[in-house]
Amino acid sequence: MRTSQLLIPTLKEAPADAEVISHQLMLRAGMIRKLAAGIYSWLPLGLRVLRKVEGIVREEMDRVGAQEVLMPAIQPAELWQESGRWGFYGSELLRIKDRHQRDFCFGPTHEEVITDLIRNEIRSYKQLPATFYQIQTKFRDEPRPRFGIMRAREFLMKDAYSFHLDQTSLQETYDLMHEAYTRIFTRLGLKFRTVYADTGAIGGSGSQEFHVLADTGEDAIAFSNASDFAANVELAEALVPSGKRSAPQQTLNTVDTPGQHSIEDVSRFLKLPREQCVKTLLVQGAKDNIMALVLRGDHELNMVKAGKLTGVASPVVFATNEQVRAAVGCEPGSLGPIGLKIDVIVDRAAAHLADFVCGANQDGKHYSGVNWGRDLAEPLIADIRNVVAGDPSPDGKGTLAIARGIEVGHIFQLGTKYSAAMNASVLDQAGQSVIMTMGCYGIGVSRIVAAAIEQNHDDRGIIWSQAIAPFQVALLPMNMQKSQRVREAAEKLYRALQDAGIAVLFDDRPLRAGVMFADMELIGIPHRLVLGERGLDANTIEYKGRRDAESQDLPLSTIVEFIQSQLADGSAQK
RNA sequence: CGGGGUGUAGCUCAGCUUGGUAGAGCACUAGCUUCGGGAGCUAGGGGCCAGAGGUUCAAAUCCUCUCAUCCCGACCA
């Protein structure tokens, strides 16, 4: 491809509303343009990358025997009412009406459609297991689209659905998909981790997420330094502290803490470490009541864990200041578990404390030297906090570290959630009707493009891995407009590279060298060839890999072979 | 949804406090010079100052409302 025939509207400066590096670089490299919040056009260069990602995903899906289909983006409300999600999914579901005022939605996911399709087409256990996938545009009316393509409302997703007679069969396909996903992200040249995850709105039982590791990731992942264990922080279990709780040493005291509200304030005021304080959070109970959750001062409430407790409203909703005053009689900054008339649930770590500090349920007062079982009853204990770095790994091996990740894939064992609601069944060997068991498997295809950039860039621009680069080689002729020799040599080399099947971008624009260099580095082409008078005199050409510090002069006669060997090298990051 | 910010040329931004002919750099067009790291000079083109009301002789500027958009929190590929 010639740059003169390709729209590459590069920018020197990033638009002010682009915050993260991948968003900035995709705009600057001329890959995408925004149409509305969370809705983007893909320009030629961006689309080439997107298609590369798609291609790898498609190959690996086909390889594990999944069959490609394409389902409608627009779906009738009836299916969603049947599954129960028309009401449940909320405003993230973009609802539309047709000319007859019938309700439709723009599909955010396709469990309903595929289940409807399969219940009509598959009748016998002999046709199972079967897996179907599509690569298709989804729309989720995100409460807060951000970071460009990373969290868009309209985005490209690969979604696959598998159907089984029983759980054993589902597990086999699930494992196969796990392997396929691992191959996909490996081939894409990404550093990633598989983590255990919450199932969220999709529902079902087991589920794992695939995260690309990047500091700008929106998710926190906990993983062991001594085993394969990795889990979303939402889900990672905080173990019961080892050893016995210390015996009380201090007596219960009331201390004046005027104006000290946060744990930060109180620990500084009393010159005590934060982990010697507890914080008490009031939340809505399951039935129109208020409950208290107690955590160690240095720990954070895990909303997912708390929401799963019986008695606590799900999702977790904090009590308002008015409700706190009504229930306890003081401001939220002075709450404590002693003497509360409401149900109290205490985190494992907080329950392990002795001689701790807590609010006295009076403004400006705290208790010190507090001990469970002496100053107040032994508590009801649960795991309700986020794990932190240094916690023991839940699998008993090593300690946890926390990293940030971008979720690019998610696999679920759905069980019969949709098939039962929509009565999708087959006849088994005995002629009995059996509800099919299902799995579903998603990959954020467009998000991968952004994630790859987050993980691979420098101050000059994007650094594509060979697997998804829009072009493998950039061919830059120096001063071609003036030099007949350079022009002829460049045209000849361009043809030779093309004949060798190499995706080459020939910069034939009448531009100064600096502009070409800057553009090609910005758009991240892995290999660069510079052809000039100087080199022609010596029969050499300059080569530089995108990550190389220095360029090298190579014999012109063998350059095609050299590039081929670089591409075959497999170290995709060259 | 709650909280905060921003809307002026394709992009980055000045101008607004103190109303009085709409600006700069980059990008774009033409010419000359330059030509291996985002060139220089000259001459151009391009704006309903987000929109709608108001105040005023006069509004980008002051007031009100609306819309868009971004950031921080509860959700997700």
Side-chain angles (χ1 to χ4, degrees), chain A residues 9-20 23-24 27-28 30 33-39 53 57 89-92 108-110 135-160 181 197-202 207 209-212 218-219 232 234 301 303-304 306-307 314-318 320 405-412 440-451 460-461 476-483 486 510-522 528 530-535 542 544 551:
Chain A
T10 55
L11 302 171
K12 274 194 196 175
E13 291 171 292
D17 53 9
E19 185 79 4
V20 297
H23 188 195
Q24 292 176 358
L27 289 167
R28 286 190 53 209
R33 287 293 182 262
K34 181 172 73 178
L35 182 63
I39 301 178
V53 176
V57 171
Y89 215 93
S91 50
E92 207 168 298
T109 175
H110 279 67
I135 296 174
Q136 191 238 21
T137 298
K138 299 280 188 283
F139 194 95
R140 295 183 186 174
D141 202 352
E142 288 278 345
R144 189 177 157 207
R146 58 184 145 170
F147 305 156
I149 230 70
M150 186 101 79
R151 177 175 297 281
R153 292 193 291 171
E154 185 174 310
F155 61 99
L156 193 66
M157 177 173 170
K158 186 283 299 179
D159 47 327
Y181 273 43
D198 187 56
T199 51
I202 306 286
S207 111
E209 293 171 346
F210 290 76
H211 282 260
V212 167
E218 291 184 80
D219 296 301
N232 201 306
E234 289 171 353
L301 178 66
M303 309 276 269
V304 173
S314 181
V316 173
V317 181
F318 285 106
T320 62
I406 301 163
E407 184 188 352
V408 290
H410 202 161
I411 57 179
F412 297 83
C440 84
Y441 318 89
I443 287 183
V445 176
S446 44
R447 181 180 281 181
I448 283 174
V449 178
R460 296 182 170 192
L476 311 192
M478 292 296 100
N479 218 356
M480 182 174 83
Q481 319 308 318
K482 283 279 176 61
S483 168
V486 172
L511 293 174
R512 299 167 65 84
V515 179
M516 291 187 190
F517 290 149
D519 269 358
M520 293 303 126
E521 280 164 347
L522 175 60
R528 184 184 81 187
V530 179
L531 193 61
E533 292 271 1
R534 230 160 51 193
E542 179 191 300
K544 184 173 178 294
S551 61

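Quick note: numbers below take in every heavy atom, side chains included, and nothing from hydrogens, waters or symmetry partners. For clarity, every value in this text was computed on a predicted model and none was experimentally measured. Order of the sequence lines fixes the chain letters, A, B, ..., with proteins taken first and strands second; residue numbering starts at 1 for each chain.
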**Message:** In this structure, how many angstroms lie between the P atom of B:C76 and the CE atom of A:Met303, rounded?
**Reply:** 13 Å
**Request:** Check every strand shown and say whether A:Glu92 touches a base, only sugar-phosphate, or nothing at a heavy-atom separation below 4.0 Å.
**Result:** sugar-phosphate
**Request:** Indicate, with a heavy-atom threshold strictly under 4.0 Å, whether A:Arg28 touches base, sugar-phosphate, or nothing.
**Result:** base
**Request:** Verify, without hydrogens or angle tests, whether A:Arg151 (side chain) and A:Pro145 (backbone) share a donor-acceptor contact under 3.5 angstrom.
**Result:** no
**Prompt:** Cation over ring, A:Arg460 on A:Phe517, under 6.0 Å and within 45°?
**Reply:** no
**Item:** Side-chain donor/acceptor of A:Glu521 to base of B:G38, under 3.5 Å
**Value:** no
**Complete:** Considering only heavy side-chain atoms of A:Thr10, the closest of B:C1, B:U69, B:G38 is B:G38
**Item:** Any strand: nucleotide that pairs with B:A14 via Watson-Crick or wobble, under 3.5 Å
**Value:** none
**Prompt:** Of the nucleotides B:C76, B:C71, B:C75, which one has an atom closest to the side chain of A:Glu19?
**Reply:** B:C71
**Item:** Nucleotide B:A77, atom P - distance to CD of A:Gln136 in whole Å
**Value:** 15 Å
**Request:** Looking only at side-chain atoms of A:Asp519, point me to the closest of B:U69, B:A74, B:G38.
**Result:** B:G38
**Prompt:** Rounded to whole angstrom units, what separation is found between the CZ atom of A:Phe412 and the C1' atom of B:C76?
**Reply:** 9 Å
**Message:** If I take atom CZ in residue A:Phe210 and atom P in nucleotide B:A77, what distance separates them, rounded to the nearest angstrom?
**Reply:** 13 Å
**Pairing partner of B:A68 (Watson-Crick or G-U wobble, both distances under 3.5 Å)** = B:U6
**Fill in**
The nucleotide from B:C71, B:G38, B:C75 with an atom nearest the side chain of A:Leu522 is B:G38
**Request:** Would you mind pulling out the nucleotide paired to B:G73, Watson-Crick or G-U wobble, both distances under 3.5 Å?
**Result:** B:C1
**Asked** Contact class for A:Val408 vs. all strands (heavy atom < 4.0 Å): base, sugar-phosphate, or nothing?
**Response** sugar-phosphate
**Message:** Going by the rule side chain to side chain contact (heavy atoms under 4.5 Å, CB included), which residues pair with A:Gln24 if we only count those two or more places apart in sequence or in a different chain?
**Reply:** A:Ala14, A:Ala18, A:Ile21
**Request:** Please give the nucleotide sitting opposite B:G46 as a Watson-Crick or G-U wobble pair, both distances under 3.5 Å, or none.
**Result:** none
**Prompt:** Touch check for A:Val316, heavy atoms < 4.0 angstrom, all strands: base, sugar-phosphate only, or nothing?
**Reply:** nothing
**Request:** Check the distance between B:G37's P and A:Arg534's CZ and give it to me in whole angstrom.
**Result:** 9 Å
**Asked** So what does A:Gly532 touch, heavy atoms closer than 4.0 Å: a base, only the sugar-phosphate, or nothing?
**Response** base
**Item:** Complement of B:G20, any strand, by Watson-Crick or G-U distances under 3.5 angstrom
**Value:** B:C57
**Message:** Please report the distance, rounded to the nearest Å, between CZ in A:Arg146 and C1' in B:G4.
**Reply:** 15 Å
**Request:** Specify the separation, in whole Å, of atom CD1 of A:Ile39 and atom C1' of B:C70.
**Result:** 16 Å
**Partner nucleotide, any strand, of B:A27 [Watson-Crick/G-U, under 3.5 Å]** = none
**Prompt:** Going 5' to 3' along nucleotides 9-16 of chain B, which nucleotides have protein heavy atoms under 4.0 Å from the base (write B), which only from the sugar-phosphate (write S), and which from neither (write -)?
**Reply:** --SSS---
Could you list all N or O pairs between the protein and nucleotides 29-35 of chain B that sit under 3.5 Å apart?
| residue | atom | partner | partner atom | Å |
| --- | --- | --- | --- | --- |
| B:U34 | O2 | A:Arg512 | NH1 | 2.7 |
| B:C35 | O2' | A:Asn479 | ND2 | 2.8 |
| B:C35 | N4 | A:Lys482 | NZ | 2.6 |

**Request:** Round to a whole Å and report the spacing from CZ of A:Phe517 to C1' of B:G37.
**Result:** 6 Å
**Request:** Verify the contact: side-chain N or O of A:Lys12 to OP1 or OP2 of B:G25, cut-off strictly under 4.0 Å; return yes or no.
**Result:** no
**Request:** Answer with base, sugar-phosphate or nothing: what part of the nucleic acid does A:Phe147 contact at a heavy-atom distance below 4.0 Å?
**Result:** sugar-phosphate
